[in-house]
*Asks:* 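Have a look at this one.
The figures that follow rest on heavy atoms only: side chains count, while hydrogens, waters and symmetry mates do not. Lettering follows sequence order; numbering is per chain, from 1.
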Number of protein chains: 2
Amino acid sequence: MNLSLDDIRQKFRDCGLKSTPQRASIYQALVNSTAHPTAEDLFAQVSPTYPMLSLNTVYYTLTVLGSAGLVQEVNIGHDRARYDANLSPHHHVICQGCQDIIDVMDSRLDSLAPPTGLPKDFDITSYQVAFRGYCGSCRQSQSPNKGC
Amino acid sequence: MNLSLDDIRQKFRDCGLKSTPQRASIYQALVNSTAHPTAEDLFAQVSPTYPMLSLNTVYYTLTVLGSAGLVQEVNIGHDRARYDANLSPHHHVICQGCQDIIDVMDSRLDSLAPPTGLPKDFDITSYQVAFRGYCGSCRQSQSPNKGC
DNA sequence: TCCTGTTTAGGAATGATTACTATGTAGCAA
DNA sequence: TTGCTACATAGTAATCATTCCTAAACAGGA
């Protein structure tokens with residue numbers, strides 16, 4: 001997924017969004033990452049190019065891109081928001097040690113039957129599966145006594 | 001799920017946890033709720049009985065119960081943590097309007113195949129499916145232009 | 001009953017996110 | 001190209017959930 005700044009400008013235009021250099025860079029940094037960065041991560045990545053960049057702008061941009069549907073929040077812990085510009089249906093594997101998030105694109109997961117027992121008028125628009133566990137390097141330091 | 005305070009004391013003892021009135025009340029409030037309350041919610045619920053109760057204590061208690069495996073955090077948004085004492089395998093439906101969370105116990109969801117394409121040494125310990133959508137009363141006010 | 005280590009409560013600190021506001025600038029129209 | 005206007009940016013300050021720190025209280029075992 002390697003969008004040029006021109007591609008991004010076009011995309012913004014298609015969505016009726018103003019295209020500013022900051023906005024384009026932030027989006028580019030997010031699209032080119034698979035690490036589900038935080039606002040702070042994106043700020044650190046774009047800052048060298050735009051030293052005047054404000055963290056506020058990153059938050060504002062993410063909000064705007066979010067409500068345009070170009071970006072979605074991925075919430076792993078309650079501690080800080082992480083963002084994803086991968087819009088194809090996919091799921092996540094989360095390491096409970098280092099909090100890394102890996103994308104999972106397994107088509108078997110894309111057609112789960114809607115759950116039973118819901119209120120009749122509940123309208124389900126999407127779903128995501130979050131797998132949790134420990135990556136290779138975090139396996140040894142796994143905390144014990146869960147389930148007591 | 002209606003545990004008496006005696007049941008709870010027993011449960012704490014089994015887990016090697018000290019049993020204090022505050023701790024028992026907080027846990028009882030959580031066990032008897034299906035609403036996935038926040039720390040603040042629990043505080044508000046237990047406060048009338050223990051007017052000296054500190055919100056700190058609620059947080060501390062939830063941490064202790066969490067690491068004993070009696071309670072788990074449910075993270076919906078990044079804004080605040082919500083808690084659940086329902087330990088049987090289950091999944092969640094989240095209303096994107098009012099942020100309500102409904103438990104889903106659908107056994108078909110309890111045996112998903114592990115995802116493909118993971119690093120070999122990744123050890124998956126659990127997974128949860130989060131369905132998102134809008135409940136009856138939030139359907140009309142659903143925000144437009146998602147996906148632009 | 002007494003002792004000890006854990007729990008509690010209060011206040012202060014932290015850190016992510018949001019609010020406010022003046023200045024800058026993209027995009028449109030003349 | 002120029003000028004206008006509304007939206008974007010950046011800086012500072014505010015907010016709010018959560019954590020840290022500490023002294024006093026208390027549960028549970030000796």
*Asks:* Just to confirm, is there a sub-4.0 Å distance from OP1 or OP2 of dT19(D) to any side-chain nitrogen or oxygen of Y59(B)?
*Replies:* no

*Asks:* With nearest nucleotide decided by heavy atoms, which residue, L17(B) or R82(B), maps closer to the 5′ end of DNA chain D?
*Replies:* R82(B)

*Asks:* In Å and rounded to the nearest 0.5 Å, what is the CG to CZ distance from D14(B) to R9(B)?
*Replies:* 12.5 Å

*Asks:* Under 4.0 Å between any heavy atoms, over every strand shown, what does R9(A) touch: base, sugar-phosphate, or nothing? Just pick one.
*Replies:* sugar-phosphate

*Asks:* Below 4.0 angstrom from OP1 or OP2 of dA10(D), is there any side-chain N or O of Q22(A)?
*Replies:* yes

*Asks:* Please check the phosphate of dT8(C) (OP1 and OP2 only) for any side-chain N or O of T20(B) closer than 4.0 Å.
*Replies:* yes

*Asks:* CG of D41(B) versus P of dT18(D): gap in Å, rounded?
*Replies:* 10 Å

*Asks:* Roughly how many Å is it from NZ in K18(B) to C1' in dC3(C), rounded to a whole number?
*Replies:* 11 Å

*Asks:* Rounded to the nearest 0.5 Å, how far apart are CD1 of I124(B) and CZ of R132(A)?
*Replies:* 11.5 Å

*Asks:* Between L53(B) (CG) and dT7(C) (C1'), how many Å, whole number?
*Replies:* 12 Å

*Asks:* Does dT7(C) have OP1 or OP2 under 4.0 Å away from a side-chain N or O of R23(B)?
*Replies:* yes

*Asks:* Go through dT17(C), dA17(D), dA8(D) for me and flag the one nearest to the Y60(A) side chain.
*Replies:* dA8(D)

*Asks:* Nearest nucleotide by nearest heavy atom, which residue falls closer to the 5' end of DNA chain D, N56(A) or P21(B)?
*Replies:* N56(A)

*Asks:* For Y27(B), run the side chain to side chain contact (heavy atoms under 4.5 Å, CB included) check against T61(B), V71(B), L42(B) and tell me which one passes.
*Replies:* V71(B)

*Asks:* For I8(A), run the side chain to side chain contact (heavy atoms under 4.5 Å, CB included) check against I26(A), L3(A), L70(A), V31(A) and tell me which one passes.
*Replies:* L3(A)

*Asks:* What contact category does T57(A) fall into here, base, sugar-phosphate, or nothing, at under 4.0 angstrom with non-hydrogen atoms?
*Replies:* base

*Asks:* To the side chain of A81(B), which of dT7(C), dC7(D), dT18(D) is closest?
*Replies:* dT18(D)

*Asks:* Tell me: CG of L55(A) to P of dA19(C), nearest whole Å?
*Replies:* 15 Å

*Asks:* Rounded to whole angstroms, how far apart are CZ on R80(A) and C1' on dT19(D)?
*Replies:* 15 Å

*Asks:* Round to the nearest Å and state the distance from E40(A) atom CD to dA16(C) atom P.
*Replies:* 6 Å

*Asks:* Among dT6(C), dG11(D), dA17(D), which nucleotide has an atom closest to any side-chain atom of S54(A)?
*Replies:* dG11(D)

*Asks:* Mind checking the CZ-OG1 spacing from R23(A) to T57(A)? Nearest 0.5 Å is all I need.
*Replies:* 10.0 Å

*Asks:* Taking OH from Y50(B) and P from dA9(C), how many angstroms apart are they, rounded to a whole number?
*Replies:* 10 Å

*Asks:* Please tell me if T38(B) has a side-chain N or O lying less than 4.0 Å from either OP1 or OP2 of dA17(D).
*Replies:* no

*Asks:* Less than 3.5 Å between a donor and an acceptor, one on the side chain of D79(A) and one on the base of dG15(C), is that the case here?
*Replies:* no

*Asks:* Kindly determine whether Y83(A) and E73(A) satisfy side-chain contact (heavy atoms from CB on, under 4.5 Å), including the steps that lead there.
*Replies:* CA-CA 5 Å; Y83(A) 298 87; E73(A) 262 187 52; 3.4 Å; yes

*Asks:* Which whole-number value in Å describes the distance from E73(A) CD to dA16(C) C1'?
*Replies:* 12 Å

